[in-house]
Every structure is written in structure tokens, then in C-alpha cells.
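The structure appears right after this line, and notes come after that.
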Amino acid sequence: AHRALLQDAPDGEAVVLAHQVEVAAGGSLSVHLLDMGGALGRVSFDVILGEGAHFDLKAALIGTGEQTIELVTHVRHRQPGGISRQCVRAIAAGRATTSYLGQIQVAPHAQKTDSAQDFKAMLLDRGASANAKPELEIFADDVKCSHGASVGQLDKGALFYMASRGLDPARAQALLLRAFIAGLFDDMPDAADKARFEAAALAKLEALQCASRTTPRSPAQRPAPVLTSATAPTSPVWSPPMARPGIIWIPPPPRKSRKW
């Protein structure tokens, strides 16, 4: 089974969506989530897996302004042979906050469980924040479980390169962010749902306004360092440095000679 969930509530609204799921023995459920609407957008999943059941979640969290975007998952492996995958990407701009709380619980008799969590967040402004709390609660000894979380920023070198090729900063940022969440929706079985998700995500990315972080300085715009006498070596055999572009040399004051 497959479910596509798009949370794009109007600005100012508070949206809390709770999903309780039970996947029977041998069953499979794939969920694609795009969570980006409302002043508060919180989506939660409480999943119980039977023997040999499979659960796959791919989610994108996008927040801007004063938004708070949250995803909470609780996956319970109660029978042997269960498989679960969670891949989450978050983007926060302005003073937005994105949060991911993901818990995996493996019962004592749920041997051969295979479960993984992967969370990555991108912050576009100093006021933006990302919270991640992956948890593993394992009571079985023959399992394969993993989790990881990382938070970073856009590569300024890549932004400058794209600007040098004629792309305006907003468009360059949107393309890099689109690449950041690329792959989340590639395996959606319904082409109409895939197109709808991609269009909504791209529109949201292009609307992000963070000019302070999308216009990197070129080398010609950076102030040249100044070498003063205070930073010059004091050795008697010191000689002026070789001339290099962008460096202004200010010679030290002449020294007074002493007669003995």
C-alpha cells in the first residue's frame, strides 16, 4: 500500500495530524510526506509492524518565517523479520523551526529486525533552527538498527559559482535546495501525486527569502588584509615580504641605532 500526504495548510493555522498504523504480517506500507503549511504543522505516526512487515517513510519538512514544522514517529517492531526505513530532509529559513523525533522500539522476541533512520537538515538563516532526536530502544540481540542526524548550511562556493553563470541568488538557492531533497519523491507510484509534490515543494523553496545567506562575496569584494608593524616580525634579519596581490604592506618605523 502507498499513501501520499501533503500538509500545506494556510498561513496562521495550527495543524496536528496523528496517524495510527498497523501493518499485518507480510504487509507493506510506503508513505511520502511533504510537511510545510501552517504556523504549526505537526504530523505523527504510530506504527506497529507484524512478522515480516515492511514500513517505509520519506518526508520533507520545509519551514520559513515563524513556522514550526514537526514530525514525530514511533515505530514498534513487535514480531520477527520486520523492516522499517525513515528518510527525512528538513529546510528552515527565517526564524522557522523544524523538529524530528523518531523512536524505534524492538521487542525482545522481534529477532532479525532491520531498521534505519536518516535525518538531514539545512539552515538558511541565523534565526532558523533544527531539532533532531532519533531514539533506539532495542530489547533483542539479533537485529540491525541504525540512526543518524546532521545539520548544515548551503555551500557558499556553489552559490557563487551558480551566480557567476548568470543565475540570480534566489533561483540558485532554490536549485541547490531542490537537489537536497531530490530522491524523496522519485519512487512515488502515482505520476500525478509526484508532480503535485514536486510543484508544491519547488514553489515553497523559491519563496524562501534569505538574501543575507545567498549572496556570497567574490574574492574581489573581500577587504584586503593589512600588514602593520605590530604584526611584522622583529628579527634583525627581517626583510619586507614579497609583493602579493591584495596585500598592502606598511613598513615598520626605522630603528634607532645604539653606540657602545
Side-chain angles (χ1 to χ4, degrees), residues 1-21 28-47 55-75 84-94 96-102 116-124 128-132 134 149-152 154 170-171 173-210:
H2 173 261
R3 293 292 183 271
L5 304 176
L6 174 57
Q7 194 287 105
D8 58 350
D11 296 341
E13 290 192 5
V15 179
V16 179
L17 303 176
H19 302 273
Q20 293 186 340
V21 180
S28 177
L29 174 64
S30 175
V31 178
H32 289 85
L33 168 67
L34 178 56
D35 189 2
M36 63 178 192
L40 167 64
R42 178 186 175 98
V43 180
S44 65
F45 293 91
D46 190 348
V47 182
F55 173 72
D56 184 73
L57 171 65
K58 294 182 179 178
L61 317 178
I62 307 176
T64 186
E66 301 285 341
Q67 283 185 292
T68 298
I69 305 297
E70 299 179 345
L71 173 62
V72 181
T73 63
H74 186 190
V75 180
S84 65
R85 297 286 185 269
Q86 299 178 62
C87 182
V88 182
R89 299 291 181 264
I91 300 172
T97 299
T98 60
S99 300
Y100 169 62
L101 171 59
Q117 294 175 324
D118 181 26
F119 174 81
K120 294 180 181 178
M122 190 74 70
L123 302 182
L124 305 184
S129 60
N131 304 315
S150 62
V151 180
L154 286 175
R171 181 61 176 169
Q173 172 185 279
L175 287 175
L176 289 177
L177 293 176
R178 185 177 182 181
F180 176 66
I181 63 174
L184 289 178
F185 310 132
D186 286 347
D187 60 345
M188 296 183 70
D190 191 311
D193 284 340
K194 179 180 178 181
R196 181 167 60 98
F197 271 54
E198 290 181 345
L202 183 58
K204 182 75 171 183
L205 295 178
E206 290 181 341
L208 299 179
Q209 297 296 327
C210 49

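Distance check: Arg196 CZ to Phe185 CZ gives 10.5 Å after rounding to the nearest 0.5 Å. Atom CZ of Phe119 sits about 9.0 Å away from atom CZ of Arg89, to the nearest 0.5 Å. Separating the CZ atom in Arg178 from the CG atom in Leu205 is a distance of 9.0 Å, to the nearest 0.5 Å. The OG1 atom of Thr98 sits 8.5 Å away from the CD1 atom of Ile69 when rounded to the nearest 0.5 Å. Put simply, OG on Ser30 and CZ on Arg3 are 10.5 Å apart, with the number rounded to the nearest 0.5 Å.
Here the side chains of Lys58 and Arg85 are not in contact, with every heavy-atom distance at 4.5 Å or above. Residues Asp8 and Leu34 fail the side-chain proximity criterion, which asks for heavy atoms closer than 4.5 Å. The closest side-chain heavy-atom distance from Thr73 to Val88 is not below 4.5 Å. Counting heavy atoms from C-beta outward, Leu154 and Leu177 have side chains that approach closer than 4.5 Å. For the pair Leu61/Glu70, no side-chain contact is recorded, criterion being any heavy-atom separation below 4.5 Å from C-beta on.
Of the residues listed (Val43, Leu17, Leu6), the one engaging Leu33 in a side chain to side chain contact (heavy atoms under 4.5 Å, CB included) is Val43, and it is the only one. Between His32 and the choices Asp193, Asp56, Asp187, the side-chain hydrogen bond (donor to acceptor under 3.5 Å, both in side chains) rule is met once, by Asp187.
The 12-atom threshold is exceeded at NZ of Lys204, counting heavy atoms of other residues, nucleotides or ligands nearer than 6.0 Å.
Of all non-hydrogen atoms in Ala18 and Ser44, the two that sit nearest each other are CA-OG, 3.3 Å. Closest approach of Phe197 and Leu5 over heavy atoms only: CZ-O, 3.4 Å. When every heavy atom of Gln67 is checked against every heavy atom of Gly37, the shortest pair comes out as NE2-C, 3.6 Å. Shortest non-hydrogen contact noted between Pro134 and Gln117 is CB-OE1, 3.3 Å. Nearest heavy-atom pair, Ser99 versus Asn131, reported as atom, atom and distance to 0.1 Å: OG-ND2, 3.1 Å. Residues Ala128 and Leu123 come closest through the heavy atom pair O-CD1, 3.9 Å.
Using cut-offs of 30° and 60° for the angle between ring planes, the Phe45 and Phe55 rings count as tilted.
For Ser84, the side-chain hydrogen bond (donor to acceptor under 3.5 Å, both in side chains) test picks out His77, Ser115, with sequence neighbours left out. By the side chain to side chain contact (heavy atoms under 4.5 Å, CB included) test, Asp186 is found to be paired with Lys194, Glu198, residues two or more places apart in sequence or in another chain being considered.
Electrostatic pairing of Asp35 and Arg42 does not count as a salt bridge here, judged by no charged N lying under 4.0 Å from a carboxylate O.
Listed for the Gln7 side chain is no donor-acceptor partner under 3.5 Å among the backbone atoms of Gly41.
Residues Thr97 and Ser129 bring a donor and an acceptor atom of their side chains to less than 3.5 Å of each other.
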